[in-house]
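Here is how names work: the chains are called A, B, and so on, in the same order as the sequence lines, proteins then strands, and each is numbered from 1. Just so it is clear, the model here is predicted, and its values are computed rather than measured.
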Protein chains: 2
Amino acid sequence: MRLKERKIPIQQECGLDLIREVLFGKWKIHLLYYIGQGIMRPGQLHKEIPEASRRVVNMQLKSLEEDGFVSKTIYDQKPLKAEYRLTYIGFSVLPIITAFGNWGDNNREHLKRVISQKVNFL
Amino acid sequence: MRLKERKIPIQQECGLDLIREVLFGKWKIHLLYYIGQGIMRPGQLHKEIPEASRRVVNMQLKSLEEDGFVSKTIYDQKPLKAEYRLTYIGFSVLPIITAFGNWGDNNREHLKRVISQKVNFL
DNA sequence: CGGTATCCCTCGGGATACTG
DNA sequence: CAGTATCCCGAGGGATACCG
């Protein structure tokens with residue numbers, strides 16, 4: 001798993017702390033959402049998130065798998081094929097992720113405005 | 001959100017992207033939650049999150065204020081007094097934050113287990 | 001198609017001390 | 001009490017190349 005030991009330990013008091021540790025990787029929530037939409041293959045998932053490198057997508061998928069949010073199936077064939085599916089736990093967070101997505105969509109104008117005011121925005 | 005017709009998504013349009021930019025600072029969601037609980041003064045908020053330095057708490061509060069999630073009131077008196085309140089927009093995200101917190105609480109055992117496996121905590 | 005190996009760099013945020 | 005000024009670190013990821 002992890003090669004280096006963390007210098008700064010993870011706090012694990014409340015539910016929000018726990019969630020942040022496992023779900024707040026940059027693309028994890030997106031991945032769960034897309035997998036929930038039925039997009040299960042790594043290549044497809046990467047196409048949905050072209051801003052992230054392939055390596056990062058794999059890293060986050062592996063992390064989600066280790067944390068029990070998705071399961072991975074590897075088909076022994078050519079060309080190679082792999083599929084990710086939501087576990088029961090992964091499925092159970094979906095409604096909250098969707099709620100976040102909907103909230104963001106509904107407040108798109110406000111959010112885009114405040115984000116564009118931040119410094120390093122192109 | 002949609003699933004179809006998006007070969008080349010140039011979008012920072014996705015609600016999940018927008019939300020991440022504005023709410024996924026390490027302590028922002030906690031701060032919104034506590035402010036929603038009626039804990040409005042900086043000192044009190046810092047006591048709720050002793051793992052974060054005072055400077056970081058202030059940074060995140062300022063960011064939340066700039067992004068329209070909280071409003072700040074400074075009372076011109078001695079000793080100094082300041083209070084943060086949720087704006088309408090800030091208030092509207094609260095249910096989702098609460099949902100996340102409840103989910104984390106309900107799945108505490110699982111989350112603590114997977115977190116402790118990947119990291120040296122405490 | 002799928003996954004790794006290296007390298008490198010950003011930048012969020014930790015610690016501490018100071019001012020009004 | 002509230003906020004700032006410095007300094008600094010390290011974990012997360014971006015880029016790229018390579019392998020089954």
Spacing of H46(A) atom NE2 relative to dT16(D) atom P, expressed in whole Å = 13 Å
request  = Take N58(A) and L80(A), find for each the nucleotide of DNA chain C with the closest heavy atom, and name the residue whose nucleotide sits nearer the 5' end.
outcome  = L80(A)
key: Contact under 4.0 Å: Y84(A) side-chain N or O vs dG2(C) OP1/OP2   = no
message = Is the distance between the ring centroids of F100(B) and F100(A) under 6.0 Å?
response = yes
message = Side-chain N or O of K62(B) versus OP1/OP2 of dG3(D): is the shortest distance under 4.0 Å?
response = no
task = With the side chain of V56(A) defined as its heavy atoms from C-beta on, choose the nearest nucleotide among dG13(C), dG3(C), dG14(D).
result = dG14(D)
query = Pick the nucleotide of DNA chain D nearest each of A52(A) and P42(B); which residue has the one closer to the 5' end?
reply = P42(B)
inquiry  = Using whole Å, what does the distance between atom C1' of nucleotide dG3(D) and atom CZ of R41(B) come to?
reply    = 14 Å
task = Determine, for Y84(B) and K72(B), whether the Lys NZ or Arg CZ falls below 6.0 Å from the six-membered ring centre while staying within 45 degrees of the axis.
result = no
task = Take the protein atom CE of M40(B) and the nucleotide atom P of dC1(D), then report the distance between them rounded to whole Å.
result = 16 Å
note = Residues pairing under side-chain hydrogen bond (donor to acceptor under 3.5 Å, both in side chains) where one sits in residues 86-100 of chain B, two or more places apart or in two chains, turn out to be W103(A)-S92(B)
Interatomic distance where CD1 belongs to I29(B) and P belongs to dG13(C) [whole Å] = 12 Å
query = Pick the nucleotide of DNA chain D nearest each of R54(A) and F24(A); which residue has the one closer to the 5' end?
reply = F24(A)
inquiry  = Please verify the inter-ring angle class for Y34(A) with H30(A); under 30° counts as parallel, over 60° as perpendicular, anything in between as tilted.
reply    = tilted
request  = Give a yes/no on whether any side-chain N or O of K72(A) is located under 4.0 angstrom from OP1 or OP2 of dG2(C).
outcome  = no
query = Quick one: K28(A) NZ to dA11(D) C1', roughly how many Å, whole number?
reply = 12 Å
query = Taking five pairs at each end, how big is the angle between the two axes of the helix from dC1(C)-dG20(D) to dG20(C)-dC1(D), to 10°?
reply = 40°
inquiry  = Checking side-chain polar atoms at under 3.5 Å, does Y75(A) have a donor or acceptor matched by the opposite partner on E83(A)?
reply    = yes
query = Atom CZ of R55(B) and atom P of dC18(C): how far apart are they, to the nearest Å?
reply = 17 Å
request  = Take atom CG of D76(A) and atom P of dG20(D), then tell me their distance rounded to the nearest Å.
outcome  = 16 Å
note = I49(A) atom CD1 is separated from dG12(D) atom C1', nearest whole Å, by 16 Å
request  = Have a look at Q60(A) and say if it touches a base, only the backbone sugar-phosphate, or nothing, with a 4.0 Å heavy-atom cut-off.
outcome  = sugar-phosphate
